[in-house]
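Encoded as C-alpha coordinates, the structure appears first; notes follow it.
This is a predicted model, so every value here is computed, not measured.
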Amino acid sequence: MNSLASSVFGISIPVDGDEDSASGASVVAIDNKIEQAMDLVKSHLMYAVREEVEVLKEQIKELVERNSLLERENALLKSLSNSDQLSQLSAQQANPSSTSQGPAVLAQPAQPPQQPNVSSA
(Lines give C-alpha, C1' and ligand atoms only; values in the text may rest on other atoms or scores of the structure.)
Protein backbone atom coordinates (compact mmCIF):
# COMPACT_ATOMS: atom_id res chain seq x y z
CA MET A 1 0.00 0.00 0.00
CA ASN A 2 2.86 2.34 0.85
CA SER A 3 4.47 1.79 -2.55
CA LEU A 4 1.15 2.48 -4.27
CA ALA A 5 0.72 5.78 -2.45
CA SER A 6 4.33 6.62 -3.18
CA SER A 7 3.99 5.88 -6.90
CA VAL A 8 0.62 7.63 -7.34
CA PHE A 9 1.06 10.69 -5.15
CA GLY A 10 4.82 10.87 -4.91
CA ILE A 11 4.76 10.66 -1.11
CA SER A 12 5.51 7.95 1.40
CA ILE A 13 3.10 7.07 4.18
CA PRO A 14 4.60 5.43 7.27
CA VAL A 15 2.56 2.38 8.20
CA ASP A 16 4.03 1.82 11.66
CA GLY A 17 3.36 5.28 13.04
CA ASP A 18 6.83 5.15 14.71
CA GLU A 19 7.84 8.61 13.64
CA ASP A 20 5.37 11.30 14.66
CA SER A 21 7.18 14.00 12.73
CA ALA A 22 7.20 11.89 9.56
CA SER A 23 3.54 11.06 10.12
CA GLY A 24 2.65 14.72 10.59
CA ALA A 25 4.64 15.69 7.51
CA SER A 26 2.95 13.03 5.43
CA VAL A 27 -0.50 14.19 6.59
CA VAL A 28 0.39 17.74 5.56
CA ALA A 29 1.69 16.45 2.24
CA ILE A 30 -1.52 14.49 1.67
CA ASP A 31 -3.59 17.54 2.57
CA ASN A 32 -1.59 19.63 0.10
CA LYS A 33 -2.08 17.03 -2.66
CA ILE A 34 -5.80 16.88 -1.96
CA GLU A 35 -6.02 20.66 -2.05
CA GLN A 36 -4.11 20.76 -5.36
CA ALA A 37 -6.41 18.10 -6.83
CA MET A 38 -9.49 20.00 -5.67
CA ASP A 39 -8.13 23.21 -7.19
CA LEU A 40 -7.51 21.40 -10.46
CA VAL A 41 -11.04 19.96 -10.48
CA LYS A 42 -12.45 23.40 -9.65
CA SER A 43 -10.58 25.07 -12.50
CA HIS A 44 -11.71 22.39 -14.97
CA LEU A 45 -15.32 22.74 -13.83
CA MET A 46 -15.19 26.52 -14.06
CA TYR A 47 -13.81 26.28 -17.60
CA ALA A 48 -16.56 23.82 -18.59
CA VAL A 49 -19.24 26.04 -17.04
CA ARG A 50 -17.92 29.12 -18.88
CA GLU A 51 -18.03 27.23 -22.17
CA GLU A 52 -21.59 26.06 -21.50
CA VAL A 53 -22.65 29.60 -20.57
CA GLU A 54 -21.31 30.88 -23.90
CA VAL A 55 -23.20 28.19 -25.81
CA LEU A 56 -26.41 28.97 -23.92
CA LYS A 57 -26.00 32.72 -24.52
CA GLU A 58 -25.71 32.05 -28.25
CA GLN A 59 -28.79 29.81 -28.19
CA ILE A 60 -30.75 32.48 -26.30
CA LYS A 61 -29.71 35.09 -28.85
CA GLU A 62 -30.86 32.85 -31.72
CA LEU A 63 -34.16 32.10 -29.98
CA VAL A 64 -34.84 35.79 -29.32
CA GLU A 65 -34.21 36.56 -32.99
CA ARG A 66 -36.48 33.68 -34.06
CA ASN A 67 -39.18 34.81 -31.64
CA SER A 68 -39.01 38.35 -32.99
CA LEU A 69 -39.30 37.06 -36.57
CA LEU A 70 -42.30 34.90 -35.67
CA GLU A 71 -44.01 37.78 -33.87
CA ARG A 72 -43.61 40.00 -36.95
CA GLU A 73 -44.90 37.21 -39.19
CA ASN A 74 -47.85 36.66 -36.87
CA ALA A 75 -48.70 40.38 -36.90
CA LEU A 76 -48.52 40.41 -40.70
CA LEU A 77 -50.77 37.36 -41.01
CA LYS A 78 -53.27 38.87 -38.59
CA SER A 79 -53.34 42.09 -40.59
CA LEU A 80 -53.97 40.18 -43.83
CA SER A 81 -56.73 37.97 -42.47
CA ASN A 82 -60.37 38.84 -42.00
CA SER A 83 -62.40 38.47 -38.82
CA ASP A 84 -64.01 35.20 -39.95
CA GLN A 85 -60.61 33.61 -40.39
CA LEU A 86 -59.45 34.87 -36.98
CA SER A 87 -62.57 33.53 -35.26
CA GLN A 88 -62.12 30.17 -37.02
CA LEU A 89 -58.50 30.06 -35.89
CA SER A 90 -59.52 30.88 -32.32
CA ALA A 91 -62.07 28.07 -32.41
CA GLN A 92 -59.45 25.63 -33.71
CA GLN A 93 -57.03 26.62 -30.96
CA ALA A 94 -59.71 26.20 -28.31
CA ASN A 95 -60.54 22.68 -29.57
CA PRO A 96 -57.41 21.27 -31.26
CA SER A 97 -58.75 17.69 -31.45
CA SER A 98 -61.59 18.68 -33.80
CA THR A 99 -59.30 19.69 -36.65
CA SER A 100 -56.61 17.89 -38.55
CA GLN A 101 -55.22 20.99 -40.25
CA GLY A 102 -53.86 22.72 -37.16
CA PRO A 103 -51.55 25.70 -37.76
CA ALA A 104 -51.28 24.97 -41.49
CA VAL A 105 -54.28 27.27 -41.97
CA LEU A 106 -52.05 30.25 -41.28
CA ALA A 107 -49.53 29.20 -43.88
CA GLN A 108 -52.01 29.81 -46.69
CA PRO A 109 -52.25 33.42 -47.87
CA ALA A 110 -55.50 35.13 -46.99
CA GLN A 111 -57.64 35.89 -50.01
CA PRO A 112 -60.60 38.26 -50.01
CA PRO A 113 -64.02 36.62 -50.47
CA GLN A 114 -65.12 36.25 -54.08
CA GLN A 115 -67.75 38.75 -55.18
CA PRO A 116 -70.51 37.45 -57.43
CA ASN A 117 -70.34 38.59 -61.04
CA VAL A 118 -73.46 40.67 -61.28
CA SER A 119 -73.75 43.22 -64.01
CA SER A 120 -75.90 46.20 -63.32
CA ALA A 121 -78.61 46.67 -65.92
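- In this structure, E58 and V55 have side chains that are not in contact, with every pair of non-hydrogen atoms separated by 4.5 Å or more.
- Side chain of E51 to main chain of A48: no donor-acceptor pair is present (N/O by atom type, distance under 3.5 Å, no hydrogens or angles).
- Between E52 atom CD and K57 atom NZ the span is 12.5 Å, to the nearest 0.5 Å.
- M38 and I30 end up in the same hydrophobic cluster when Ile, Leu, Val, Met, Phe, Trp and Tyr side chains are linked at under 4.5 Å.
- The CG atom of N67 lies 12.5 Å from the CD1 atom of I60; values are rounded to the nearest 0.5 Å.
- Checked against S68 for a side chain to side chain donor-acceptor pair (under 3.5 Å), the options E71, R72, E65 give a single hit: R72.
- Rounded to the nearest 0.5 Å, atoms CG (D39) and NE2 (H44) are 11.0 Å apart.
- A distance of 11.5 Å separates CD of Q88 from OG of S83, quoted to the nearest 0.5 Å.
- For the atom pair L77 CG and L70 CG, the distance stands at 10.0 Å (nearest 0.5 Å).
- Here the straight-line distance linking atom CD of Q36 with atom CG of D31 works out to 11.5 Å at 0.5 Å rounding.
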